[in-house]
Amino acid sequence: MIKVYNSQSQSKEDFLPSDPVKMYVCGVTTYSDCHIGHAMSYIVFDTIRRYLEYRGYSVKHVQNFTDIDDKIIANANRLNVPAKELADGLIDNFFADMDALNIQHAHIYPKVTEEISDIINLVKGLIDKGYAYQSEGDVYFRVNSFTGYGKLSHRSLDEMVTGDQGQHLDNKEHPMDFALWKSAKPGDPEWDSPWGKGRPGWHIECSSMSLKYLGETLDIHGGGQDLVFPHHENEIAQSEAYTGKAPFAKYWMHNGLLQFEKEKMSKSTGNLITIKEALSLFSSDALRLFVLSSHYRSPITYTKDNVVAMSRGVQRLRQAAFSESNATESDNIVDGEPFKNRFIEAMDDDFNTAQAVAALFDLAKEINKGQKAKMQVSKAQKMLTEFAGVLGLTLKEEESISLDAIPLIELLIETRKGLRTAKQWELADNVRNGLLALGITLEDKPSGTTWKA
RNA sequence: GGCGACGUAGCCAAGUGGCAAGGCGGGGGUCUGCAAAACCCUUAUUCACCGGUUCGAAUCCGGUCGUCGCCUCCA
């Protein structure tokens, strides 16, 4: 039985989903390139999905693009391009990042700008039911009308008002009322609506899209912990108010936030590293292992050193998975079953990837010891690769040298071999050091010399 | 001010009542012309601090100190 920690109940619950599993993960607002905090979140939910699929569930995964909002408009104006052009370019970049991180695509990626009429209908419905009101071309959700408001983030409206430090428009009935529809300023992208020209507020799109593509009750609703309030709280209010059905989501899953060098990484402070930058330094396997080495609900701190350590770890797994067998004792087989059981037990317990990774490393060690004892390891190696795959690790060697250079390198290795046979150690070492200076490392093994970049 | 999370070896990080997973790094070894790589072995009598409950606590309770997040745009 898989157990899942539900942010709303603040406890682990038995995972009893519908079939297929309906999984909605909050996507990005497309106003700048994705950073490594996004990478963490999407690696986490990709791994959860991969594991569910491994365990035989079929998963329907929907993830939105919020491709119209204040910041997109502001950045588009600054860059002097249409908002749509900016958003579309960033969506292309998003997919490139996801592919590079070996993150499976969602089944559906709805965009706000293509869902406007559904959103308008949802807002209309909320007004009709008395949960929302129009005010000077804007439409607001009436938080006082929804009795469960605050049940996800565990706070009351009174607390929010007392502690609130934000600025408020004075055309709202209650300071915590939030916009479902915003009137357009001159020059903004705009759509016709019963309340005049404007565009959707921030939270409504997720309610609309999840209702449309997955129905009234989601199994898993995921996102970063920073979305708990107000975004997910507001989604619950809108969705449950509209459908009259609770819960909107059976399991609320929130990943811990990625810290960058001691500080929270946030778009507003510009304190961030993009996925592209991280991938120029590290392999996707290293970045994934970095994320999956701790529990998904804990915050993690990105530092170069931390990820470098993970690169080494990946190397160790890769080595064990692909080392050539020299088995002579065909009867003696390395048994991977105990590790399989550990892996599954760990992942069943709220996707404890840290423990699952530990099982992988122990399996790697078992394989290495088996190799030394000349045992059969191919089955265990296959298992290692399979479980690495469940975590989205490719265990592939990174090729970063241009193909043209390879014959040249091999020629030098051949030349050096001659020098070594002639015991011309100094000249042989010169060749090796020269290549090292160019970033190519030679490794002399009993079977011959290999190289890597 | 309100709400919440966390503090485990040099670093990262699991474990939430019964002898402290795993990775990186360090140390020792195997291999090797040397080196590198790889592999093996090893590396916390102790879990921020103080008190309590218990036969037994990193794990439960109370307190202290410290770090961080949310309450405003965020994955």
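Side-chain atoms are counted along with the backbone in the values below, which use heavy atoms only and exclude waters and symmetry mates.
Within residues 96-107 of chain A, no residue has a heavy atom under 4.0 Å from RNA chain B. If you check residues 428-436 of chain A against RNA chain B, the residues with a heavy atom closer than 4.0 Å are A/D429, A/R432, listed by number.
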**OP:** Going 5' to 3' through nucleotides 3-20 of chain B, assign each nucleotide B (protein heavy atom under 4.0 Å from a base atom), S (under 4.0 Å only from sugar-phosphate atoms) or - (no protein heavy atom that close).
**Re:** S--------SSSS-----
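A/D285 pairs by the salt bridge (charged side-chain N to carboxylate O under 4.0 Å, His left out) definition with nothing, not counting sequence neighbours. Residues passing the ring pair (Phe, Tyr, Trp, His ring centres under 6.0 Å) test with A/F322, sequence neighbours excluded: none. Under the rule for a salt bridge (charged side-chain N to carboxylate O under 4.0 Å, His left out), the partners of A/K182 that lie at least two apart in sequence or sit in another chain are A/D70. Checked against ring pair (Phe, Tyr, Trp, His ring centres under 6.0 Å), A/F141 has the following partners two or more places apart in sequence or in another chain: A/F178.
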Residues 349-370 of chain A, side-chain donor-acceptor partners within the protein, below 3.5 Å, at least two apart:
unit_1: A/D349; atom_1: OD1; unit_2: A/K12; atom_2: NZ; d: 2.9
unit_1: A/D350; atom_1: OD1; unit_2: A/Y5; atom_2: N; d: 3.0
unit_1: A/D350; atom_1: OD1; unit_2: A/Y296; atom_2: OH; d: 2.8
unit_1: A/D350; atom_1: OD2; unit_2: A/H295; atom_2: NE2; d: 3.4
unit_1: A/D350; atom_1: OD2; unit_2: A/Y296; atom_2: OH; d: 3.4
unit_1: A/D350; atom_1: OD2; unit_2: A/R297; atom_2: NE; d: 3.1
unit_1: A/D350; atom_1: OD2; unit_2: A/R297; atom_2: NH2; d: 2.7
unit_1: A/N352; atom_1: OD1; unit_2: A/A354; atom_2: N; d: 3.4
unit_1: A/N352; atom_1: OD1; unit_2: A/Q355; atom_2: N; d: 3.1
unit_1: A/T353; atom_1: OG1; unit_2: A/L292; atom_2: O; d: 2.8
unit_1: A/T353; atom_1: OG1; unit_2: A/S294; atom_2: O; d: 3.4
unit_1: A/D362; atom_1: OD2; unit_2: A/R342; atom_2: NH1; d: 2.9
unit_1: A/D362; atom_1: OD2; unit_2: A/R342; atom_2: NH2; d: 2.8
unit_1: A/N368; atom_1: ND2; unit_2: A/A364; atom_2: O; d: 3.3

Show me the side-chain donor-acceptor pairs of residues 429-443 of chain A shorter than 3.5 Å, one per line, residues at least two apart or across chains.
unit_1: A/D429; atom_1: OD1; unit_2: A/R432; atom_2: NH2; d: 3.4
unit_1: A/N433; atom_1: ND2; unit_2: A/D429; atom_2: O; d: 3.2

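Within the structure, the salt bridge (Lys or Arg N to Asp or Glu O under 4.0 Å) test picks out the following pairs touching residues 412-421 of chain A (sequence neighbours left out): A/R416-A/D444, A/R420-A/D444. The list of salt bridge (Lys or Arg N to Asp or Glu O under 4.0 Å) pairs with a residue in residues 305-319 of chain A, not counting sequence neighbours, reads A/R318-A/E397.
Closest to the side chain of A/M176, out of B/A21, B/G69, B/U72, is B/U72.
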Can you pull every protein N or O that's under 3.5 Å from an N or O on nucleotides 40-44 of chain B?
unit_1: B/C40; atom_1: OP1; unit_2: A/N368; atom_2: ND2; d: 3.4
unit_1: B/C40; atom_1: OP2; unit_2: A/R316; atom_2: NH1; d: 3.4
unit_1: B/C41; atom_1: OP1; unit_2: A/K369; atom_2: NZ; d: 3.4

